[in-house]
Amino acid sequence: ITGNGTISLTNGTTTLSGAGNFGGTGNYAFYNLTFSGSSQTTTSTGSGTSTITNVLTISSGHTLYGSSTPWRLNSSSSAPFVISGTFAAVSSTVWFDGSTSTIPSATYWNLGIGTTADAAGSTYTLGGNTTVQGVLTLGNSASSKTDILSPVSYTLTLSGIGTPVSATSFGQFSNTT
């Protein structure tokens with residue numbers, strides 16, 4: 001799926017099988033989005049934000065290159081991002097903005113938790129060892145409740161140059177849940 005318009009699919013599952021490009025300058029919104037196809041690669045293109053309101057899945061054998069696309073996982077699912085294949089972050093940003101959820105083990109370029117201004121605080125936990133190569137953003141200063149990132153018993157590696165963490169007054173890192 002490519003193009004510079006907008007897409008808004010608020011129910012059901014959209015499955016993209018096979019190789020190709022995904023995205024454009026317009027914003028895309030999906031309820032469930034699945035990339036599938038063994039030994040297949042999808043490359044995200046364009047600058048539009050892709051918002052998933054339930055679950056983003058990369059199936060076994062599939063590779064998704066995040067490129068420079070912003071990915072917003074605004075879900076109430078406890079597992080809004082399922083990586084059975086490969087996620088290559090490249091220079092993308094992945095925001096977890098829904099309710100309490102688990103962030104899957106992966107290498108991210110930029111990772112944000114609770115970055116949408118709202119009145120609900122959530123706790124996000126790591127689902128495995130995780131690396132952030134760019135900037136980890138915690139919370140949104142316009143929120144009224146605190147969003148918390150907890151690694152639980154996993155390792156969080158920050159390998160960004162300069163300031164690898166941006167924590168607002170409503171973002172917190174805690175080693176306990």
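Side-chain atoms are counted along with the backbone in the values below, which use heavy atoms only and exclude waters and symmetry mates.
Rounding to the nearest 0.5 Å gives a distance of 12.0 Å between CD1 of Ile52 and OG of Ser77. Considering OG1 of Thr14 and CG of Leu56, their distance stands at 11.5 Å, rounded to 0.5 Å. Atom CG of residue Asn54 and atom CZ of residue Phe30 lie 14.0 Å apart, to the nearest 0.5 angstrom. Distance check: Asn140 CG to Thr146 OG1 gives 11.5 Å after rounding to the nearest 0.5 Å. Between the OG1 atom in Thr168 and the CG atom in Asp147 there is a gap of 8.0 Å [rounded to 0.5 Å]. Distance CD1/Ile83 to CD1/Ile103: 10.5 Å, rounded to 0.5 Å.
In this view, Thr34 and Thr13, Thr15, Ser36, Thr57, Ser59 satisfy the side chain to side chain contact (heavy atoms under 4.5 Å, CB included) rule, not counting sequence neighbours. For Thr107, the side chain to side chain donor-acceptor pair (under 3.5 Å) test picks out no residue, with sequence neighbours left out.
At a threshold of 4.5 Å between non-hydrogen side-chain atoms, the residues Leu16 and Thr42 do not count as touching. No side-chain heavy atom of Tyr28 sits under 4.5 Å from any side-chain heavy atom of Leu33.
Proximity of a side-chain donor or acceptor of Asn74 to a complementary backbone N or O of Thr53 within less than 3.5 Å is not detected. Remark: side-chain polar atoms of Asn129 are paired, donor with acceptor, to backbone N or O of Thr155 under 3.5 angstrom. In this structure, Asn4 contributes its side chain and Gly24 its backbone to no donor-acceptor pair below 3.5 Å. In this structure, the side chain of Ser169 does not engage the main chain of Ser141 through any donor-acceptor pair within 3.5 Å. Looking only at distances, no side-chain donor or acceptor of Ser166 sits under 3.5 Å from a matching main-chain atom of Pro164. Not a single donor-acceptor pair under 3.5 Å links the side chain of Gln133 to the backbone N or O of Trp109.
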Candidate pair Leu73 and Val94, rule side-chain contact (heavy atoms from CB on, under 4.5 Å), full reasoning: CA-CA 7 Å; Leu73 305 176; Val94 179; 4.0 Å; yes
Chi angles and distances behind the side-chain contact (heavy atoms from CB on, under 4.5 Å) call for Leu156, Leu149: CA-CA 10 Å; Leu156 174 63; Leu149 175 62; 4.1 Å; yes
Pair Val55-Val82, side-chain contact (heavy atoms from CB on, under 4.5 Å): steps then yes or no: CA-CA 7 Å; Val55 179; Val82 176; 3.9 Å; yes
Thr45 and Ser67: CA distance, side-chain angles, deciding distance, side-chain contact (heavy atoms from CB on, under 4.5 Å) verdict: CA-CA 7 Å; Thr45 60; Ser67 302; 5.9 Å; no
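Minimum interatomic distance between Leu138 and Ile113 (heavy atoms only, all atoms of both residues): CD2-CG1, 3.5 Å. Taking all atoms of both residues into account, the shortest heavy-atom contact from Ser174 to Pro151 is O-CD, 3.3 Å. Considering every non-hydrogen atom in both Ser101 and Pro80, the closest pair reads CB-CD, 3.6 Å. Minimum interatomic distance between Asn110 and Val135 (heavy atoms only, all atoms of both residues): OD1-N, 2.8 Å. Here the shortest heavy-atom pairing between Gly128 and Tyr154 reads CA-CD2, 3.3 Å.
In this structure, Phe81 and Phe96 have tilted ring planes: the angle between them lies in the 30° to 60° band.
Taken together through direct or relayed side-chain contacts under 4.5 Å among Ile, Leu, Val, Met, Phe, Trp and Tyr, Phe170 and Leu111 form parts of separate hydrophobic clusters. Residues Trp95 and Tyr31 do not share a hydrophobic cluster, defined by chaining ILVMFWY side chains whose heavy atoms lie under 4.5 Å apart.
Identified under the ring-ring contact (aromatic ring centres under 6.0 Å, His included) test for residues 40-79, with sequence neighbours left out: Phe22-Trp71.
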